[in-house]
Amino acid sequence: MPRKPAPPAGASQVALSSPRTAPLGAAADATPPIDYVCEHCGAPGMTRDAWAEWSTTEQRWQLTTLFDFAFCHMCHRPTRLVVHPLRKG
């Protein structure tokens, strides 16, 4: 079996059981909803670079590594993600 390459520096492993990535349920309901916005213009619509790996058992792509690079599609430049709490209702 081939070995998986090591993620490059600046990458972080995705916690697939995190409340932010888990399916909706009790754990997700207990965590207040958030959005990520651009540090420059405050708009939502951020994207990040990531690696996805095919799971033969689940028969779907799964995120395995999430990189630090973020991009704003409103002001069209690299940015840092700012957590923005969402109001319920």
Side-chain angles (χ1 to χ4, degrees):
M1 181 187 302
R3 290 178 15 166
K4 290 170 61 175
S12 58
Q13 291 296 100
V14 175
L16 295 177
S17 61
S18 161
R20 299 283 181 227
T21 58
L24 292 177
D29 292 340
T31 305
I34 63 167
D35 197 0
Y36 289 102
V37 298
C38 175
E39 75 169 340
H40 303 293
C41 70
M46 307 294 99
T47 56
R48 290 180 69 179
D49 287 344
W51 280 356
E53 182 178 318
W54 181 252
S55 170
T56 54
T57 56
E58 297 289 326
Q59 289 294 291
R60 64 185 178 108
W61 290 99
Q62 296 180 327
L63 287 182
T64 56
T65 305
L66 190 58
F67 299 99
D68 293 333
F69 179 79
F71 188 82
C72 176
H73 292 273
M74 291 299 290
C75 63
H76 301 282
R77 61 180 166 172
T79 188
R80 287 189 315 168
L81 302 174
V82 176
V83 175
H84 186 307
L86 293 176
R87 297 182 188 182
K88 288 187 176 183

In terms of heavy-atom contacts, P78 and F69 come closest through CB-CE1, 3.8 Å
Contact between Y36 and V83 at the side-chain level, heavy atoms closer than 4.5 Å - yes or no? yes
Determine the minimum heavy-atom distance between M74 and P44, stating which atoms define it. CG-O, 4.0 Å
Just how far is it from atom SG of C41 to atom NE2 of H76, taken to the nearest 0.5 Å? 9.5 Å
Side-chain touch R48/F71, heavy atoms, less than 4.5 angstrom: no
Please indicate whether H40 has more than 12 foreign heavy atoms, meaning atoms of other residues, nucleotides or ligands, lying under 6.0 Å from its NE2. yes
If Ile, Leu, Val, Met, Phe, Trp and Tyr residues are connected whenever their side-chain heavy atoms lie under 4.5 Å apart, and connections chain through other members, are V82 and M46 in the same group? no
How many angstroms lie between CG in L81 and CG in D35, if you round to the nearest 0.5 Å? 10.0 Å
On a heavy-atom basis, the closest approach of C72 and T79 is N-CG2, 3.9 Å
How would you list, by chain and number, every residue that makes a salt bridge (charged side-chain N to carboxylate O under 4.0 Å, His left out) with R80, sequence neighbours excluded? E39
Going by chain and number, the hydrophobic cluster around W61 (ILVMFWY, side chain to side chain under 4.5 Å) further includes W54
